[in-house]
A.B. asks: 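What follows is a structure written as structure tokens; I'll ask about it next.
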Amino acid sequence: MSDIKPKFLEVYSALKSELLDDPAFEFTDNSRQWVERMLDYNVPGGKLNRGLSVIDSFKLLKEGKELSDDEFFLACALGWCIEWLQAYFLVLDDIMDGSHTRRGHPCWFRLPQVGMIAISDGLILRNQIFRILKKHFRGKPYYVDLLDLFNEVEFQTASGQMIDLITTLQGEKDLSKYSLSIHRKIVQYKTAYYSFYLPVACALLMAGENLDNHTEVKNVLVEMGTYFQVQDDFLDCFGDPEVIGKVGTDIEDFKCSWLVVKALERANEEQKKLLYENYGKDDRVCLAKVKELYQTLDIQGAFEEYESKSYEKIMKQIEGHPSKAVQAVLKSFLAKIYKRQK
């Protein structure tokens with residue numbers, strides 16, 4: 001996908017220019033500069049995997065046929081709508097979590113002149129998605145389906161965030177709330193739908209497909225998204241910070257991580273007591289005790305077993321799909337994440 005990244009970024013510039021001249025609002029010089037700076041700070045700075053996956057998936061669905069300039073632009077525009085959605089979630093998530101850094105820079109709300117204006121900026125990011133869709137897709141037969149898709153996925157993601165927040169309430173640290181079913185629900189709704197299903201669903205709509213006929217595709221992608229998040233939880237604790245680009249803090253942050261849920265499942269009463277006493281404390285000694293318990297309970301082995309079984313299950317589901325083009329899209333996604341190190 002690296003060869004299309006420069007062209008993808010050109011489309012970002014084009015969309016940004018359109019939004020800064022949106023006829024529905026009379027910008028002042030000051031407000032235009034603010035929005036441009038806010039967009040450049042929050043939208044294009046990540047790995048862009050979600051957005052690029054729309055183009056990648058659409059190309060595979062076209063089975064090798066060259067995309068026209070118009071098709072390429074529209075696939076990029078949908079990819080950027082997902083990146084805008086991601087930016088909107090992250091700007092607000094960082095405020096809710098009291099985070100300090102994002103993508104190696106201070107969180108947007110941490111900038112001295114921004115503060116809580118970031119809430120308003122999050123709402124602007126959210127609304128700009130529908131401005132882009134209206135301008136470029138209003139005449140398309142799948143326009144209403146696109147609006148429905150983005151609304152549905154946004155609702156699912158916001159609901160997943162809500163479950164995550166109320167499960168990890170700071171004043172009520174209670175590990176007994178944590179289970180594999182709660183972890184799966186948080187992951188499925190907070191991450192899997194918008195990160196895995198949404199890019200493929202956008203490509204399917206562009207290819208003239210009816211999403212109601214692709215429930216199985218959704219199920220496979222949600223399964224993949226769940227596996228991806230379990231990997232993330234594993235790397236947070238056992239990954240090399242030099243490789244993953246950050247120092248994991250799930251233990252200190254009392255996260256409903258797959259590792260702690262698995263540990264609770266495997267632990268005897270004494271080990272559970274140790275977890276209850278040390279999990280969620282920002283203290284080196286407590287952190288070391290939890291990590292040592294993870295080693296004793298062979299959480300690493302449990303993860304390797306989970307990874308192997310998940311891969312087999314997902315591959316079986318993919319190979320059962322009647323369309324070779326859809327199989328290629330799903331296998332492409334799986335290949336990007338299987339046994340990843342970061």
Side-chain angles (χ1 to χ4, degrees), residues 89-110 118 159-191 226-307 341-342:
F89 289 144
L90 296 184
V91 164
L92 297 184
D93 276 8
D94 286 342
I95 298 170
M96 288 182 250
D97 294 345
S99 302
H100 288 270
T101 57
R102 167 73 63 188
R103 297 167 176 168
H105 299 285
C107 297
W108 176 242
F109 84 99
R110 292 282 178 193
S159 301
Q161 170 73 348
M162 177 266 297
I163 301 169
D164 192 16
L165 290 169
I166 65 172
T167 307
T168 56
L169 278 173
Q170 269 309 306
E172 302 173 20
K173 290 186 175 176
D174 181 5
L175 276 180
S176 66
K177 285 183 183 176
Y178 290 180
S179 66
L180 275 177
S181 62
I182 282 286
H183 177 268
R184 186 179 175 85
K185 201 172 276 269
I186 292 170
V187 168
Q188 181 180 337
Y189 288 101
K190 189 179 169 180
T191 304
T226 305
Y227 161 57
F228 177 85
Q229 187 58 50
V230 173
Q231 281 179 314
D232 231 39
D233 291 355
F234 178 78
L235 291 170
D236 184 272
C237 181
F238 292 105
D240 180 352
E242 292 292 314
V243 178
I244 62 174
K246 63 176 183 179
V247 175
T249 59
D250 282 2
I251 294 171
E252 299 95 314
D253 295 343
F254 199 70
K255 287 286 179 191
C256 183
S257 156
W258 185 86
L259 281 72
V260 74
V261 170
K262 206 68 192 165
L264 285 165
E265 208 178 66
R266 293 183 157 209
N268 60 32
E269 287 310 309
E270 195 181 325
Q271 290 166 328
K272 276 184 188 169
K273 186 170 179 282
L274 187 143
L275 265 180
Y276 274 72
E277 286 170 0
N278 294 282
Y279 196 76
K281 295 199 174 141
D282 194 1
D283 176 286
R284 271 194 200 168
V285 177
C286 296
L287 177 66
K289 282 182 182 174
V290 173
K291 286 196 171 185
E292 193 182 329
L293 182 60
Y294 283 174
Q295 297 284 3
T296 306
L297 295 170
D298 192 21
I299 298 301
Q300 200 152 352
F303 170 73
E304 283 161 11
E305 186 188 344
Y306 166 84
E307 180 164 61
Q341 297 301 310
K342 62 177 181 178

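Computed from heavy atoms alone, side chains included, the values below leave out hydrogens, waters and symmetry copies.
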A.B. asks: Kindly indicate whether the side chain of Phe234, heavy atoms from C-beta on, has any atom under 4.5 Å from the side chain of Tyr306.
C.D. replies: no
A.B. asks: Taking all non-hydrogen atoms of both residues into account, name the closest pair between Ile186 and Gly160 and its distance.
C.D. replies: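 Shortest heavy-atom separation between Ile186 and Gly160 comes out as CG2-O, 4.3 Å.
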A.B. asks: To the closest 0.5 Å, what do you measure between CG (Asp94) and CH2 (Trp108)?
C.D. replies: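 Taking CG in Asp94 and CH2 in Trp108, the distance rounds to 12.5 Å.
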A.B. asks: Could you tell me which non-hydrogen atom of Asp174 sits nearest to which non-hydrogen atom of Ser176, and how far apart they are?
C.D. replies: OD1-OG, 2.6 Å
A.B. asks: Considering residues, nucleotides and ligands other than Glu265, do more than 12 of their heavy atoms fall under 6.0 Å from its CD?
C.D. replies: yes
A.B. asks: Atom CG of Leu287 and atom CD of Glu292: how far apart are they, to the nearest 0.5 Å?
C.D. replies: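 Nearest 0.5 Å value for the CG-CD distance: 11.5 Å.
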A.B. asks: Please step through salt bridge (Lys or Arg N to Asp or Glu O under 4.0 Å) for the pair Lys273 and Glu269, ending with a clear verdict.
C.D. replies: CA-CA 6 Å; Lys273 186 170 179 282; Glu269 287 310 309; over 6 Å; no
A.B. asks: Is there a side-chain contact between Phe238 and Gln295, using heavy atoms and a 4.5 Å cut-off?
C.D. replies: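 Sidechains of Gln295 and Phe238: in contact.
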A.B. asks: Evaluate Asp236 against Ser257 for side-chain contact (heavy atoms from CB on, under 4.5 Å), listing each step before the verdict.
C.D. replies: CA-CA 9 Å; Asp236 184 272; Ser257 156; over 6 Å; no
A.B. asks: Which atom pair, heavy atoms only, marks the closest approach of Leu92 to Ala118?
C.D. replies: CD2-O, 4.2 Å
A.B. asks: Do you know the tightest heavy-atom contact between Ala302 and Lys262?
C.D. replies: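 The answer is CB-CG, 4.1 Å.
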A.B. asks: Closest approach of Arg110 and Gly98, non-hydrogen atoms and distance?
C.D. replies: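 Nearest heavy atoms, Arg110 then Gly98: NH2-O, 3.0 Å.
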A.B. asks: Report yes if the side chains of Lys255 and Asp233 come closer than 4.5 Å at any heavy-atom pair, otherwise no.
C.D. replies: no
A.B. asks: Using a 3.5 Å distance criterion without hydrogens, assess whether the side chain of Thr249 forms a donor-acceptor pair with backbone atoms of Glu252.
C.D. replies: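 Not at all, since once roles are kept as given, no pair shorter than 3.5 Å links the two residues.
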A.B. asks: Which atoms form the tightest heavy-atom contact between Val187 and Thr226, and what is the distance?
C.D. replies: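 Val187 and Thr226 have their closest heavy atoms at CG1-CA, 3.5 Å.
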A.B. asks: Gln271 side chain to Asn268 main-chain N or O, any donor-acceptor pair under 3.5 Å?
C.D. replies: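 The answer is yes, because a donor-acceptor pair under 3.5 Å joins these two groups.
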A.B. asks: Is there a donor-acceptor contact under 3.5 Å from the side chain of Asp283 to the main chain of Val285?
C.D. replies: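 Checked: pair present.
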A.B. asks: Can you check whether Leu264 reaches Tyr276 side chain to side chain, under 4.5 Å on heavy atoms?
C.D. replies: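 A side-chain contact under 4.5 Å exists here.
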A.B. asks: Checking ring pair (Phe, Tyr, Trp, His ring centres under 6.0 Å) for the pair Phe303/Tyr294: CA distance, chi angles, key distance, verdict?
C.D. replies: CA-CA 11 Å; Phe303 170 73; Tyr294 283 174; over 10 Å; no
A.B. asks: Rounded to the nearest 0.5 Å, how far does SG of Cys237 lie from CG of Asp250?
C.D. replies: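 The SG atom of Cys237 is 8.5 Å from CG of Asp250, to the nearest 0.5 Å.
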A.B. asks: Quick one: does Leu275's side chain get under 4.5 Å of Leu175's, heavy atoms only?
C.D. replies: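 Side-chain contact under 4.5 Å: yes.
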A.B. asks: With rounding to the nearest 0.5 Å, note down the distance linking CG in Leu259 to CD in Gln300.
C.D. replies: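 Between atom CG of Leu259 and atom CD of Gln300 there are 9.5 Å.
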A.B. asks: Using atom types as modelled and distance alone, determine if a side-chain donor or acceptor of Arg266 lies under 3.5 Å from a backbone N or O of Ile299.
C.D. replies: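 Judged by distance alone, no pair lies under 3.5 Å.
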